[in-house]
Amino acid sequence: MYNRTTSKAKALEKELDGLAKAVDSIETIGMRCDLIFTSLSDDEAAEHIYEELLQAEEKRVGKHAQERISSGFSTLLIDTSTLYPTTTGKLERKISALPKRHFVAAPAFGPPPMAASAKLVFAVAGPYNSKKFASQFLVPAMGRKIMDFGSNPERA
C-alpha cells in the first residue's frame, strides 16, 4: 500500500499485522502488483498516479510482455475515487489500449468511517469479468452494495 503521507501507510501496515506492506513509492506498486486499487483526492492526482503506475508496470512487464500476454497475464486497476467522467474515460482508454490491462471505475459513496464498518456503496463500471473479479474485494470487505453501471467506466 502507498500513501503520500508515509506514516499513515506504516501505521496501517502495523494495524493490519502483516496483511499489507507499506511501500515508499508508486513505482514499487506498479513494479510488484497485478491487482491495484486506488482512492485519490482529485482528477489531477489520478492522472499523475496512473501515469506513474503504468510506467512502472511497463518496466515490470517489459521485454517479456509477449510471453506474459500469451500466458493470460493481466493487470487490473480499480479506481474508487470520485472523478469527472471525462477523466475516468481518459484513464480507461489509456489503460485499455495496453495489452491485457483492464480498468474498473468503482467510485465509493460514503465517508471513511463507513469503509471501516463495510457500509460503502460502490458504483461499478468496466469489463464484465474485471468487475466481477474486483467486486469480491469491495463487498463485503469495504462495502455493503455494488451498483453495476455497465461496461462504460464514465457512467460510474
Side-chain angles (χ1 to χ4, degrees), residues 1-54 56-57 60 72-96 98 100-156:
M1 81 189 101
Y2 171 79
N3 189 310
R4 289 176 293 176
T5 307
T6 306
S7 61
K8 288 182 180 181
K10 293 286 186 190
L12 185 56
E13 176 183 42
K14 186 176 180 178
E15 181 182 324
L16 294 174
D17 197 28
L19 291 176
K21 172 139 179 62
V23 298
D24 59 358
S25 73
I26 296 298
E27 182 177 31
T28 303
I29 290 176
M31 294 284 288
R32 295 183 183 173
C33 301
D34 298 332
L35 177 63
I36 301 169
F37 284 84
T38 57
S39 183
L40 304 160
S41 59
D42 58 38
D43 294 63
E44 186 178 327
E47 290 188 50
H48 172 76
I49 295 297
Y50 273 93
E51 187 64 36
E52 284 190 47
L53 280 171
L54 293 174
E57 196 265 349
R60 175 173 52 94
F73 176 84
S74 66
T75 301
L76 178 57
L77 300 118
I78 301 125
D79 184 65
T80 63
S81 314
T82 302
L83 303 174
Y84 284 108
T86 53
T87 303
T88 299
K90 183 177 176 181
L91 293 173
E92 186 273 331
R93 287 185 293 280
K94 181 179 264 191
I95 293 164
S96 296
L98 301 168
K100 292 293 192 177
R101 276 69 159 209
H102 303 273
F103 177 79
V104 172
F109 293 93
M114 286 180 70
S117 60
K119 293 183 179 174
L120 294 174
V121 173
F122 293 93
V124 178
Y128 177 78
N129 287 335
S130 298
K131 287 186 303 189
K132 187 173 180 179
F133 186 75
S135 294
Q136 68 183 316
F137 299 101
L138 299 171
V139 172
M142 294 184 286
R144 62 181 172 81
K145 182 178 181 178
I146 289 177
M147 298 182 306
D148 189 332
F149 283 84
S151 61
N152 181 350
E154 292 179 60
R155 291 182 154 199

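Quick caveat: nothing in here was measured; it's all calculated off a predicted structure.
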Only distances under 3.5 Å count here; give the side-chain donor-acceptor pairs of residues 6-21 to other protein atoms, sequence neighbours excluded, each with its distance to 0.1 Å.
residue	atom	partner	partner atom	Å
E13	OE2	A22	N	3.3

How close do [X] and [Y] get, counting heavy atoms only, and between which atoms?
X	Y	result
G126	P153	CA-CG, 4.2 Å
L91	E47	CD2-CA, 4.3 Å
H102	P127	ND1-CG, 4.2 Å
F103	L76	N-CD1, 4.5 Å
T75	R60	OG1-NH2, 3.2 Å
I49	L40	CG1-CD2, 3.9 Å

Taking the side chain as every heavy atom from C-beta outward, state whether [X] and [Y] have any atom pair closer than 4.5 Å.
X	Y	answer
L120	T80	no
L77	T38	no
I29	V23	yes

Distance from [X] atom [atom1] to [Y] atom [atom2], nearest 0.5 Å?
X	Y	atom1	atom2	result
C33	Y2	SG	OH	14.0 Å
E52	T28	CD	OG1	10.5 Å
D34	R101	CG	CZ	10.5 Å
E92	T87	CD	OG1	13.0 Å

Check: E44/H48 side-chain N/O donor and acceptor closer than 3.5 Å: no
With a 3.5 Å cut-off and sequence neighbours excluded, list the donor-acceptor pairs that the side chains of residues 128-151 form with protein atoms.
residue	atom	partner	partner atom	Å
K131	NZ	D148	OD1	2.7
K131	NZ	D148	OD2	3.0
K131	NZ	G150	O	3.1
S135	OG	K131	O	2.7
Q136	NE2	F133	O	3.1
R144	NE	K119	O	3.4
D148	OD1	G150	N	2.7

